[in-house]
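Per chain, numbering begins at 1; letters A, B, ... match sequence-line order. Scope of the values below: all heavy atoms of this structure, side chains included, with no hydrogens, waters or symmetry mates.
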Amino acid sequence: MRSYLPAFACKAPASLDEALVTLASEPGKWTPLAGGTDLMVLFESGKLPPGHFLSLWKLPELRGIEVTDDAITLGALTTYAEVREHATVAFELPMLAAAARESGAIAIQGRGTLGGNIMNASPAADSPPALVAYDAEIELVRASGARWVRYRDFHTGYKVMDRAPDEILRRIRIPRRDPGQHWVHFYRKVGTRRFQAITKVGIAAIGRVEGGVARDVRVAFTSVAPTVLAAARTEAALEGQAFGPGLVAAARAATRADVTPIDDIRSTERYRHQVAENLADSFVHALFAQKA
Amino acid sequence: MGRTVGTSAPRKEGVDKVTGAARYVDDLVMDGMIHGVTVRSRVAHGRITGIRFDPGFPWDEIVVVTAADIPGRNMVTMIEEDQPFLAADLIKHPEEPVVLLAHADRDLVIEAAKHVHIEVEELPAIFSIDDGLAADVRLFKDDNVLKRFLIEKGDVDAAFAEPGLVVVEGEYETGAQEQLYLEAMGMIAVAAPGKGVTVWGSLQCPYYVHKALKPLFGLGDGEVRVIQAVTGGGFGGKEEYPSLIAGHAALLSWKAGGVPVKVIYDRAEDMVATTKRHPSRTRIRTAVKPDGELVAMDVVFDIDGGAYATLSAVVLSRGAIHAAGPYRCPNSRIHARAVATNHPPHGAFRGFGAPQSCFAYERHMERVAEAVGLSSVAIRRKNLLGPGDLTATSQVVEDQIDFPALLDQALEASDFEAKRAAFAKHNADPASHTRKGIGVATFYHGGGFTGSGEVHLASVVGVEALRGGRARVLAASTEIGQGTNTIFSQIASDALGVPYEWVEVAAPDTGRVPNSGPTVASRTCMVVGKLVQDAAGAVVTTLRKAGLLGEEHTPEQLAAAVDSYLERFGELRTFSQYKPPAGIVWDDKTYRGAAYAAYGWAAYVAEVEVDLVTYEPHLRGFWAVQDIGTVINPLLAAGQVEGGVTQAIGWALFEEVRWREGRMINNQLTNYIIPTAADVPPIHVAFAPVPFAHGPSGAKGVGELPMDGPAPAIVNAIEDALGIDVRRVPALPEVVMEAVLAKRAAAGEVQHV
Amino acid sequence: MSDAEARAERLAVTFTVNGVEKTVETLPMKRLLDVLREDLALTGTKEGCGEGECGACSVFVDGRLVNSCLIPALQVEGSRVDTIEGLARGGELHAVQRAFLEAGGAQCGICTPGMVLAAVDVLRKHPNPTDEQVREGLAGNLCRCTGYMKIFDSVMTAALAIASRDGEGAA
């Protein structure tokens, strides 16, 4: 049964400054609300605690995609639809575009935002593994200033993150890669059905092969840990290594050690373990197939 | 004469539906209307010791109803009388309605419901067929068997003792399934002493609701009126439960002094509280000659009925009658039981028990084929029923069906044999990351109520002739999306000899239409459609007898004749009542004889590709060939088949009801996964019509048949792809993975998990 | 974060619906779906799940297909909302609506308004859509009756009708 509507105060500040002042004056009182595709689901099912909500949806300061020589910067309110429609993003960040395409379906993609996807901190979210793999940084702003955080380090536990109550996620910056190098982007979402699915296990991985060995490997998983998972053991197992059955086995073993999946309403621990390993295996093959 | 039967006449209410103008129950607003909500037990088994209302709420402003407020009998009229409208003392499942609340402020009353606490002294609860049968916890009589059937033919024990036979055993399971009509259930009621009870709602069977409301209030036929609002799907889910909701809304209105009360379930409540397809377990033992000829089948078919008897007996009956499959087998024994548990009652869902038993026998046929070294196709071809053969109830097959030819049509359409060979080659390639397979299922489904059911129903349909030759069909059969309005109009317009556009179907309203029986069991076209044809024909006969119409007539002549008749006599209404076809014999005691007047016959083929990385079976194509008699409306009929196949795809691959202490815990569309537009393969539908002498223009039933065969066809295809023997649905990727890993382990390969 | 003492204040929200400016007094978190159905009596927009899964509540907000059950009223201030009621103009059905009638795309009708709007969205983006584009474009709109085949046929029928009409217009 839905939550009690009259107990949900909500206001829409006219500017980012106004929003930051509100957050700073009453720390912890206001919960930011972006496109609503997560919070409103909780509201309808009665799982959203009543309180005060600050709608950021119409703040122009949090919108827009900016492309410079060395980075692509996306406003926190960039929707999945905007990610999909942006030619440079689609070309250079295909895993982010794939995550956007496979988040919900069209109607969700028109409202769901990258910032919301990050701050909702679901361990099953689709864009965070791509952001981890792409070495994204995020900018948190408050009335008294701003700071950049490496996204890989942002989530510290289940629904726990490196954010103060008066901070707002403003934008996401992704370094651009040397176009002269061959990068293999490997994204796969496994969610029982093709769209409108919450991920059971997912991977975003990138790397390149130079001189016969893997370089600059990043591997991230979703739905196999309390947060989006930067698979450090898997990355280390691959970095600087040449292809072979031994490498595939090492990658599988490393992934097995990286992930800590559980049984839940959507899948089993065994399935998540096995498929995460299979995905790591597939990535290794894809990475070296590119060179071959 | 322009014949509309056999053409794809446009859906009668189509324009209202594509423009959003159609009014469903939640779209209706009445003056002074207030909103009702239901407070439920939350405990699977126990005794109510008290009801506590949190302080700080304006309870004096809220209408509160408990069992003590019921003016008549607190019992939902069904097959057995064991389910109360509101639990008064004993709680038998976690979603028992206990308290009803209503208020003009919907937000307030929803919040209030969270502040009512049902205090229960808990009792041990049971949630499985085996625990039900063990009967350590007694829920129904002394053995928890809600209903039992034994269907016997020949001498099964003697047949199994014969030498030289191959005996094959198997056990198969199917899970619960939510109907998931896209419109959740709801009712509006106006009820007050002296004024009677009127309800409007989302429902399949107006006269079931009517029958249930009368004793609840101690009222007579004319004092209760049930009106169907435009209804957004049913699939059996709105056969029985609407009686409870109608009762609840009416009880609130009664207590509130007659103000309209609207009770609308949200999706979560609809999924958690209302009926689902019965989970099942089937054990089959088969004796077969080395050449594949079936000699004996011994089937034990058990279903989980949930806490109350409701419709389980009839679901069990249909599942059991179909449980030996469409095969010639001289000796068969089907022992069927519906077992009580502390789940919310399971109920009607398209197929009505037959999909469950069909999954078992069509998977089992693969085992039989394997045991005697025949192909999937050969084992079926050898044993398919034909005219003159006996079914498991010893009914002589009268349909002039050429079943092997129908099977061939499906095989040719799908290129079955060539694909089996090509896929075997593909699957042997170690570099491939997928495995491909193709599977077949053959099956049949009886139309209409079982045995003497239609005789007991004695359904009536009327046709009212209106000025200008227009006509209105009067029937309680409901349009729930399947096309009742359209096919009735087609049948009536042909019988009257007028254009399709001249006929309309009256909104089902027990105050205005006769009882044409429930909208269930694939009976609307075959049985009720025939009554429509007869009643419309009687209009013509009446006009001829009155000397107003000749042997042949144009629509204009009919219009003139009707106008003259109306001027002379005031009104022209004709009625037709069900009469069984001659020679139909059924024995309710032995369960022998003609179980159904006619059957639909089908051969379905599924093609899958399984991803070896994720173990996901992806359907690549589906072929559905069937005989449903004359096809009244090809577009609607194909829509029925495609819709049924897709529901069955969901049941086979995606839809798993997850239970905890008797409650469904994935009662959200986020976690109960049904197929989307991106998940269905191309579905190729073909009809091989053999007209049925007693159906309207030769038509039989279509609604349920397409639910039966897809699940085994799909799992048979998965077996073809991977060589794994999955014996349950849904065949989730997790299930496929475990089977693949087990197979590899058996082959001595290293395992990680 | 939770605050049991929170009390929402009603506010006036002004937006255009099917081209007409409307102002409603509402609680800020009231779902757009409920504002349309209850405050504006536009009941063509349906509720199927209340959680953004089924698409029965689909409408356009500022030209984007969205689930109106997930949008708080205050977020549509100043926006343009288009619902199923605004699709047929001057009593003439939209090509997609006609195609749904012709090709059997509607059965029970509850998913239909949202499905029709999703189909309109597909054809705006892809006037000559591939099968895959249709499937993806409709994947957020669940239908339990049709098995989708007749809906795909409806979209393709509409695409042809629109192309032939536009062709005539250009000629």
Measure [X] against the heavy atoms of chain C and call it side chain, backbone, both or neither at under 4.5 Å.
X: B/A678; answer: both
X: B/I480; answer: backbone
X: B/P681; answer: backbone
X: B/V15; answer: both

Review point. Out of C/E136, C/Q97, C/E47, which one racks up the most heavy-atom pairs below 4.5 Å with chain B?
Key: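 Winner by heavy-atom pair count: C/Q97.
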Just give me the residue among C/L138, C/N141, C/T45, C/T146 that pairs up with chain B most often, heavy atom to heavy atom, under 4.5 Å.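 Top option by heavy-atom pairs under 4.5 Å: C/T146.
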Point to revise | Residue among B/Q482, B/Q640, B/Q668 with most heavy-atom pairs under 4.5 Å to chain C | key: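 Among the listed options, the one with the most contacts to chain C is B/Q668.
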- Of the listed residues (B/E479, B/R23, B/R106, B/M271), which shares the most heavy-atom pairs with chain C below a 4.5 Å separation?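 Ranked by heavy-atom pairs under 4.5 Å with chain C, first place is B/R106.
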Is it true that [X] and [Y] make a salt bridge, defined as a side-chain N closer than 4.0 Å to a carboxylate O?
X: C/R135; Y: B/D679; answer: no
X: C/K150; Y: B/E642; answer: yes
X: B/K262; Y: C/E38; answer: no
X: B/D26; Y: C/K46; answer: no

Point to revise | Contact summary for C/G147 and B/T646, nearest pair of heavy atoms | key: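 Reported closest heavy-atom pair: CA-OG1, 3.1 Å.
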Under 6.0 Å from the [atom1] atom of [X], do we count more than 12 heavy atoms belonging to anything else shown?
X: C/N128; atom1: CG; value: no
X: B/K114; atom1: NZ; value: yes
X: C/E9; atom1: CD; value: no

**Message:** Quick check against the 3.5 Å criterion: does C/R144 have a side-chain atom that pairs as donor or acceptor with the backbone of B/Q179?
**Reply:**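 It does hold such a pair.
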Check your understanding: Is the backbone N or O of B/P675 less than 3.5 Å from a side-chain atom of C/Y148, with the two atoms forming a donor-acceptor pair by type?
Key ->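 The answer is yes, because a donor-acceptor pair under 3.5 Å joins these two groups.
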*Is any side-chain heavy atom of B/T676 less than 4.5 Å from a side-chain heavy atom of C/L142?*
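Yes - at least one pair of side-chain heavy atoms lies under 4.5 Å apart.
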TODO: Decide yes or no for B/V680 and C/M149: does some side-chain heavy atom of the first lie under 4.5 Å from some side-chain heavy atom of the second?
DONE: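 Sidechains of C/M149 and B/V680: in contact.
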With a 4.5 angstrom heavy-atom cut-off, is it the side chain or the backbone of C/L93 that approaches chain B, or both, or neither?
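Only the side chain of C/L93 comes within 4.5 Å of chain B.
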Indicate every side-chain donor-acceptor pair of residues 100-119 of chain C with a distance under 3.5 Å to a residue at least two apart or in another chain.
{"unit_1": "C/Q107", "atom_1": "NE2", "unit_2": "B/G639", "atom_2": "O", "d": "3.3"}
{"unit_1": "C/T112", "atom_1": "OG1", "unit_2": "C/G109", "atom_2": "O", "d": "3.4"}

